[in-house]
Number of protein chains: 2
Amino acid sequence: MTDEGASGRRRASTGPTLADVAAHAGVSPATVSRVLADNYPVSRSARQRVQRSIRELNYSANTHARALAAGAGSKTMAFILADVRGQSFADAAHGVEQEAAQRGWLTLIGTTQGVPQRELALVQLMREQRAGAVILIGGVTDGADEYRQKMTELANSLHAAGSLLVLCGRPPLGDGVPAAVIEHDNENGAYALTSHLLSQGHRRILFLAGAERHSTSIERLAGHRRALTDFGVPDAPELVEHGEFTRASGYQLTRRRLTAGHDFTAVFAGTDVVAAGVYAAANEQGLSVPEDLSVVGYDDVELAQDLRPRLTTVHVPYEDLGRTAAQIAVADQHLQPGWTGDHRLFKTHVVIRSSVSRVR
Amino acid sequence: MTDEGASGRRRASTGPTLADVAAHAGVSPATVSRVLADNYPVSRSARQRVQRSIRELNYSANTHARALAAGAGSKTMAFILADVRGQSFADAAHGVEQEAAQRGWLTLIGTTQGVPQRELALVQLMREQRAGAVILIGGVTDGADEYRQKMTELANSLHAAGSLLVLCGRPPLGDGVPAAVIEHDNENGAYALTSHLLSQGHRRILFLAGAERHSTSIERLAGHRRALTDFGVPDAPELVEHGEFTRASGYQLTRRRLTAGHDFTAVFAGTDVVAAGVYAAANEQGLSVPEDLSVVGYDDVELAQDLRPRLTTVHVPYEDLGRTAAQIAVADQHLQPGWTGDHRLFKTHVVIRSSVSRVR
DNA sequence: AGCTGCATAGAAAACGTTAACTATGCTGCC
DNA sequence: GGCAGCATAGTTAACGTTTTCTATGCAGCT
């Protein structure tokens with residue numbers, strides 16, 4: 001005696017179906033569907049029998065069938081970043097997830113390790129999943145033009161399918177590309193931060209950038225350079241080092257520069273965690289921050305308050321960025337006929353703590 | 001002139017379908033499917049025409065239809081945790097995502113804010129999504145028996161559907177429940193850590209626990225108490241405070257205790273970030289660590305090395321935990337007839353740094 | 001010449017829902 | 001008493017794939 005449901009021969013044992021519930025409750029499938037959706041009058045008695053059957057059979061709807069029949073894109077938001085472990089990205093992820101969950105959306109997450117190709121593949125994958133929106137967070141390493149072109153194509157096809165590409169913390173793809181863009185002002189943030197350093201008398205500042213062609217790096221470096229220029233400090237290319245936005249990278253770069261001869265009075269770390277690495281290297285060389293070396297970071301993650309001395313940095317509202325991205329994604333205004341693209345620019349501000357000293 | 005595909009009247013503009021591609025290439029839908037799946041001989045010419053049509057129409061398969069027709073549970077792994085922002089969880093998430101992505105699985109993420117009810121709802125939701133596996137990470141606040149019973153039900157129905165519930169960093173649900181369990185030994189870790197404190201002469205140790213009925217709290221506290229007993233130190237209930245595993249909680253609790261009278265020589269912070277809060281409160285009160293107050297944490301996240309003095313803590317291999325969870329999830333051995341459940345216990349070890357001093 | 005067997009193709013039946021149509025009693029009204 | 005109108009219910013055609021199950025050539029063999 002087999003315990004098969006009413007749906008006859010079946011590939012695998014995938015739990016009871018809506019038809020099983022209908023049979024068990026003695027009603028038609030349509031009625032069960034109606035009880036579930038609650039969008040059509042159903043008599044009290046039928047409703048109760050159906051609900052009882054659902055409970056007894058431990059029925060759970062098949063989202064795939066539902067999505068297919070309903071035709072609508074699923075209420076799933078894809079969130080793509082380089083690495084979950086970064087505190088700033090985690091903050092943004094939290095903002096996205098909160099906002100999404102509140103509206104009954106699910107969040108699909110994917111990581112790229114910063115490889116553009118992998119990013120493209122993921123967006124493509126998310127499109128196949130019929131994600132209602134795809135949020136890309138963090139800078140891009142803008143390699144070949146091919147990348148930009150492919151991403152533009154994806155933005156178009158996503159938009160054509162009623163979905164939306166949201167670029168968060170990175171520059172727009174270009175005019176007329178149907179994507180929402182949410183940026184924070186890296187250039188001005190870095191400008192303000194370097195200005196602070198300059199105002200304290202620093203003239204030789206080591207800049208620890210991320211990857212060579214990474215948009216965030218480029219923008220922060222641009223702000224830094226502009227401040228230098230405005231203060232009449234000559235450009236010194238040897239004071240810019242490229243690495244990664246990790247603690248290890250900050251440590252190694254600083255250590256190398258320090259052992260090679262300490263020819264700078266301050267370090268502009270591309271990121272707070274990079275600054276943590278700078279602290280470690282400085283301490284190791286017997287240098288104390290800020291007396292022997294001033295250090296600033298960027299992002300203002302929680303860590304900035306736990307470093308000793310507390311880190312002077314630029315506050316970036318990552319959680320707000322994420323929240324806003326999710327709001328735009330669910331807002332549906334991108335389905336309007338004349339929509340061309342959203343663009344928001346978040347302001348940042350310098351948070352002065354105690355990692356910078358006045359140069360004598 | 002409308003630009004409709006071959007699939008006739010259609011609800012929304014959801015891009016071209018497989019049928020459209022077939023029509024465009026002059027073959028049957030079956031052939032297109034075969035080219036895509038590459039599981040059946042197709043002539044060179046047909047294959048090429050199909051591939052060309054796919055490119056020209058910018059076709060992308062509908063995952064929902066695919067999942068429905070194929071009958072198999074989708075290769076999606078659900079990952080449920082309290083909060084993405086916790087460093088330890090982020091590490092675990094990274095392990096899961098890495099492992100999943102490597103095998104072509106997608107990761108769905110959901111956060112519970114530590115509310116058991118929300119956790120149940122999420123698992124249920126993931127079941128509806130036909131997730132191939134559901135990974136729960138972090139301790140449980142084991143409230144009413146109802147929770148445990150419902151989760152058991154979910155484990156059963158997940159397993160019946162060919163899916164799997166993986167409990168990671170939390171105790172098993174009970175015997176015979178078809179779920180995989182991956183734990184790290186909180187009890188022994190805490191025992192070792194408190195033993196270290198005791199060996200340094202500390203006798204009055206403030207224990208900063210998490211939520212009252214949180215499994216992680218309970219286990220770590222149990223290890224702590226056992227060490228106390230083994231050293232013949234009398235139990236002092238007033239030295240246990242319950243809060244949250246956050247920096248803010250560590251700060252507030254310590255501050256309150258410190259201003260009320262400093263009657264302990266060491267603090268066992270339930271978590272490294274809690275320890276960061278302890279440091280902050282101690283500094284604020286003019287106490288220096290470890291001279292005036294010894295502090296230990298738990299988890300050994302990156303932060304532990306950035307605190308000054310560096311934090312003595314217990315190393316937990318979170319990334320490994322996540323990786324292992326994902327491996328078990330994809331392994332499929334849980335589909336074997338006699339399978340009753342997996343159980344792994346990860347070892348931890350104390351990492352001695354400089355936040356503990358010998359009591360005079 | 002007639003078969004067997006293989007490579008390739010298409011037709012059609014699932015998969016588990018939703019939603020647009022129909023169908024059937026009833027109630028209430030002229 | 002006939003009929004409009006409403007509250008319910010059931011039928012059935014999608015939705016976009018995959019996967020049998022059937023064709024159809026065509027080579028190779030006896």
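In what follows, every heavy atom counts, from backbone to side chain, and hydrogens, waters and symmetry copies are set aside.
Nearest heavy atom pair, residue A:R170 against residue A:G138, reads NE-O, 2.8 Å. Minimum heavy-atom separation, B:L122 to B:T111: CD1-O, 3.6 Å. Across every non-hydrogen atom of A:A329 and A:V166, the tightest pair is CB-CG2, 4.4 Å.
Rounded to whole angstrom, the span from the CD atom of A:E128 across to the P atom of D:dT17 amounts to 10 Å. In this structure, CG of B:D20 is placed 9 Å from P of D:dG16, rounded to the nearest angstrom. The CZ atom of A:R34 sits 14 Å away from the P atom of C:dT22 (whole-angstrom rounding). If you measure from atom CZ of A:R127 to atom P of D:dG16, you get 15 Å, rounded to the nearest angstrom. One atom, CG of A:N39, and another, P of C:dA19, lie 6 Å apart when rounded to the nearest Å. Atom CG of A:N62 is separated from atom P of C:dG16 by 7 Å (rounded to the nearest Å). One atom, CG of B:L68, and another, C1' of C:dG16, lie 5 Å apart when rounded to the nearest Å. Rounded to an integer number of Å, the gap from CG of A:D38 to P of C:dT18 is 13 Å.
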Check your understanding: Given the rule in the side-chain contact (heavy atoms from CB on, under 4.5 Å) test, do B:S157 and B:R127 qualify, once you have shown the distances and angles that lead to the verdict?
Key -> CA-CA 8 Å; B:S157 87; B:R127 183 170 73 129; 2.6 Å; yes

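With D:dG10, C:dG10, C:dT17 as the candidates, the nucleotide lying closest to the side chain of A:V27 is D:dG10.
For the pair B:Y59 and A:S43, both in contact range of DNA chain D, the more 5′-proximal nearest nucleotide belongs to A:S43. Each of A:A65 and B:S45 was assigned the nucleotide of DNA chain C with the nearest heavy atom; the assignment lying further toward the 5' end belongs to B:S45.
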Taking only distance into account, with no hydrogens and no angle test, what donor-acceptor pairs under 3.5 Å do side-chain atoms of residues 34-47 of chain A form with protein atoms, sequence neighbours excluded?
{"from": "A:S43", "atom 1": "OG", "to": "A:A46", "atom 2": "N", "distance (Å)": "3.3"}
{"from": "A:R47", "atom 1": "NH2", "to": "A:V42", "atom 2": "O", "distance (Å)": "3.4"}

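Residue contacts for B:S33: at a heavy-atom cut-off of 4.0 Å it reaches a base atom on one of the strands shown. The residue B:A46 sits close only to the backbone: its heavy atoms come under 4.0 Å of sugar-phosphate atoms, none of a base.
For C:dA20, the base has no donor-acceptor partner in the side chain of A:Y40 [N/O atoms by modelled type, under 3.5 angstrom]. Judged by distance alone, with hydrogens and angles left aside, B:R130 brings no side-chain donor or acceptor close enough to the base of C:dG16 to form a pair under 3.5 Å.
For B:T17 and D:dG16, the shortest distance from a side-chain N or O to OP1 or OP2 is not below 4.0 Å. Regarding contacts with the backbone of C:dA11, every side-chain N or O of B:S28 stays at 4.0 angstrom or more from both OP1 and OP2.
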